[in-house]
Each structure stands twice: as C-alpha cells, then as structure tokens.
Protein chains: 2
Amino acid sequence: MVLTAAQNRVVTAALELFARHGVGGTSLQMIADEIGVTKAAVYHQYNTKDEIVLAAAETELARLEAVVEVAERAPSAKAARDALVEGMVDLAVEGRRTVGSILNDPVIVGFFEDHAPFRRVMTRLRTLLLGDDSGPEARAQTAILIAAISGAVMHPFVADLDDKLLREQLLRMARRLLS
Amino acid sequence: MVLTAAQNRVVTAALELFARHGVGGTSLQMIADEIGVTKAAVYHQYNTKDEIVLAAAETELARLEAVVEVAERAPSAKAARDALVEGMVDLAVEGRRTVGSILNDPVIVGFFEDHAPFRRVMTRLRTLLLGDDSGPEARAQTAILIAAISGAVMHPFVADLDDKLLREQLLRMARRLLS
DNA sequence: GTCTATAGACCGATAGAC
DNA sequence: GTCTATCGGTCTATAGAC
C-alpha cells in the first residue's frame, strides 16, 4: 500500500472525481484529464479501473486506520475512545464533500464487503468504542455513530456551517450517543 | 408526480439498480433488461436518463413527505416528533440496502441541491424535530439524525441484524439524540 | 513515464414499423 | 406500448514508439 508519486496523483484525482460523479460515473479519461496526462499513462500505473477503485478505497481506509492506531496507544479506555471519536470527526470534517459519497458508493461498499483489512479496522474501532462486547447492540451503535459522523457532514443543511461549529456539534452528538 | 403503470415499472427498476451500481453505473440497457423490455420502450416513458433519475429521486422524496405529513397531523408537538422519527426509521429499515446509497449518490445529491420541494420537505422535517429554531445547531442536529438513520442501516455491522432489533436500536439512538 | 493510435463493446438517443 | 435497427460518441483496454 505504499504508492509512487504517479500512483498518488491517480488515486487523489480518482477520489475527487468519485466524490463528484460516483465511481460508476467516473471514467479513466476523466481521471487522466484531471491529472493532465493521457489514458495510457494512467493505465501504466494501474492495469484496470477496478485496481484504481481498490487503491482509492484502501487509501481512505488507511486514513481511518491511522486514527484507530493513535487511539489504541492512549493511556486509558476513556482516553482512547475520546481520541478515536475526535479523529473520526476530524477526518469527516476535513473531507466534507468527499468522505460521505465515497464511503456510501455501492461499488466501494461492494469492494469492502469481503475485504478482510476493512473488517479488521471496523472491529478495532468497535472495540475502542464499546469494549469487548461484540453483540448486536454494540455493532448497531458503532454503525450508527459512523453513519452519523460520515453522513452528516454532506447534508445540505450544514453546507454553510464553518468547520469549527460542525466539529463541535458532531462531538456533542457523539458524546451524547456514547454516554 | 402521478406515474403510469409503465413509468412505475421503470422507476422501481431504476431505484433497485441505482442502489446496486450507483446512478452513473446504471445504463438504460440495464433498466430495460430488469423490466424485460427494450431500451426504446423505456425511452417511450422518459425522453432522457436524467428524467428517469429525477423521477426516481422524487419517488423516494414522496415517501419521506408522506411520513412528514402524517406526523404534522399529530395532536401535540411531542407526538408529532415521535411519529416522524418512527416513520423515518421504518422507511430506512424497509429500504435497508437501497435508501442509503440512493440518498448519498452524488448525482442525486446534485439533483436535490436546487430542488425546491426537497428543501421544503427538509424544512418541515426540521421544524417537527426542533420547532421554529432554524439556527446552525438545529440544522446540524437534523442533518446528524437523518444521516445516522439512513446510513446506519447500510453498514456491514448490521447486515445480520433482523429488522426488529435494528429498528429498536435506531429509535433508542434517536431518543437519546433528541433528549 | 508519457505519448499516438486503435480495437471492440457499450453508451444515450432516435426513426419508423406494428 | 413495444419492437428492430441504427447513429455518433465514449467506454475500457492494448500495442508500440519515444
């Protein structure tokens, strides 16, 4: 998962376009145009469109995993949970227009369905939030928190809110949900 | 917005395919195949793909509007709020695999951005939840609740949960968020 | 690592018969 | 309301030069 500079340009352009047009609505020509090269140059980095989609999805997953890793090193369970929630909120607010549509794109959802690393990150995340309880209620609560954070930042109702206020509201909601 | 039987078949097939492949990843040929007719027959109902997307989006919006309308007839503000939340949860749980990806599809989001009826329904929804307060915090809270409900039902963590338990968890979350 | 050029399939959309 | 047939354009992907 270490990308060359050229691969990084492809993945960055792809993520931006996926967020704007969806995965299915993004062509290799559009990615090439966004970078300023030809399609053939893109194909030299990745042999198929699916490989680009996978690399883009895994790049986003890596960002979340980094947040999980930092949280796991916190000195207490409570500190770990707080660090995780703050990190997730920051990721979502930073990528306001992109995170939600990419995470919910049916193609990406399909890729992650049988993706072991994705499931492992989700399990670590759930453990940080709610401890070793892996029952239905704990899984539902985790899903709700993830959906609320990643989805709310995209809603037209918050389009004119500044990042600071949006961040505060999301943290307040998360605290209330986990109390 | 009253659809003929043939138009209804097109919109229903389109919604199913949009959820599975995204709007951009769904072709008119796929819609025609799903119904069991040719592309030309689909074009006889709608002149462009955009018209199909709009009709599909408005059909989903109409379902939400119906829930809002029922809630508005409740005898008290509290009863109205409860009815709205229950109706939204039921809509999301019924359409588990479809609601989230359609609501978050970049193409649909773009269609709704300047769509006056959509904004009107959202405002009525926010008023039912939080009264006449249209400030940033109220809008953020509304966005969070909508995102949590519509997004959580799609998460792999709840894929094996039955509808009843998922419904209970979502209602518990909503109550906690609005208390 | 980037280019030009191309192959073959599929795209949205239309014409016209039944 | 559905069909066959077709248009021009774009799609993913490849070959081969620099």
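Numbers restart at 1 for each chain; the letters A, B, ... are given by sequence-line order, proteins then strands. Below, all heavy atoms of this structure are taken into account, side chains as well, without hydrogens, waters or symmetry copies.
A pairwise comparison of heavy atoms in B/Asp82 and B/Lys78 identifies OD2-NZ, 2.8 Å as the closest pair. Between B/Ala62 and B/Met1, the closest heavy-atom pair is CB-CE, 4.5 Å. Shortest non-hydrogen contact noted between B/Lys49 and B/Leu28 is CB-CD1, 4.3 Å.
For the pair A/Ile31 CD1 and D/dT12 C1', the interatomic distance rounds to 12 Å; values are reported in whole Å. Separating the NE2 atom of A/His21 from the C1' atom of D/dT10 is a distance of 15 Å, rounded to the nearest angstrom. Atom OH in A/Tyr46 sits roughly 17 Å away from atom P in D/dT12 (whole-Å rounding). Between A/Leu3 atom CG and C/dG1 atom P the separation is 12 Å, expressed in whole Å. Look at CD on A/Gln7: it is 12 Å from C1' on C/dG1, rounded to the nearest Å. Remark: C1' of C/dA9 and CE of B/Met30 are 15 Å apart, rounded to the nearest angstrom.
In this structure a side-chain-to-backbone donor-acceptor pair under 3.5 Å is present from B/Arg96 to B/Val158. Although no hydrogens or angles enter the test, the distance criterion places a donor-acceptor pair under 3.5 Å between the side chain of A/Arg119 and the main chain of A/Glu113. Here the side chain of A/Arg126 pairs no donor or acceptor atom with the backbone of A/Arg139 at under 3.5 angstrom.
Counted by atom type alone, A/Thr12 and A/Asn8 present one or more donor-acceptor pairs between their side chains at under 3.5 Å.
The salt bridge (charged side-chain N to carboxylate O under 4.0 Å, His left out) test applied to A/Glu137 returns no partner, not counting sequence neighbours.
Across its full length, the helix from C/dG1-D/dC18 to C/dC18-D/dG1 shows an angle of 10° between the axes of its 5 terminal pairs at either end, rounded to 10 degrees.
For A/Thr38, no side-chain nitrogen or oxygen approaches OP1 or OP2 of C/dT2 to under 4.0 Å.
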For nucleotides 12-18 of chain C, 5' to 3', base contacts (B), sugar-phosphate-only contacts (S) and non-contacts (-) with protein non-hydrogen atoms under 4.0 Å give BBBB---

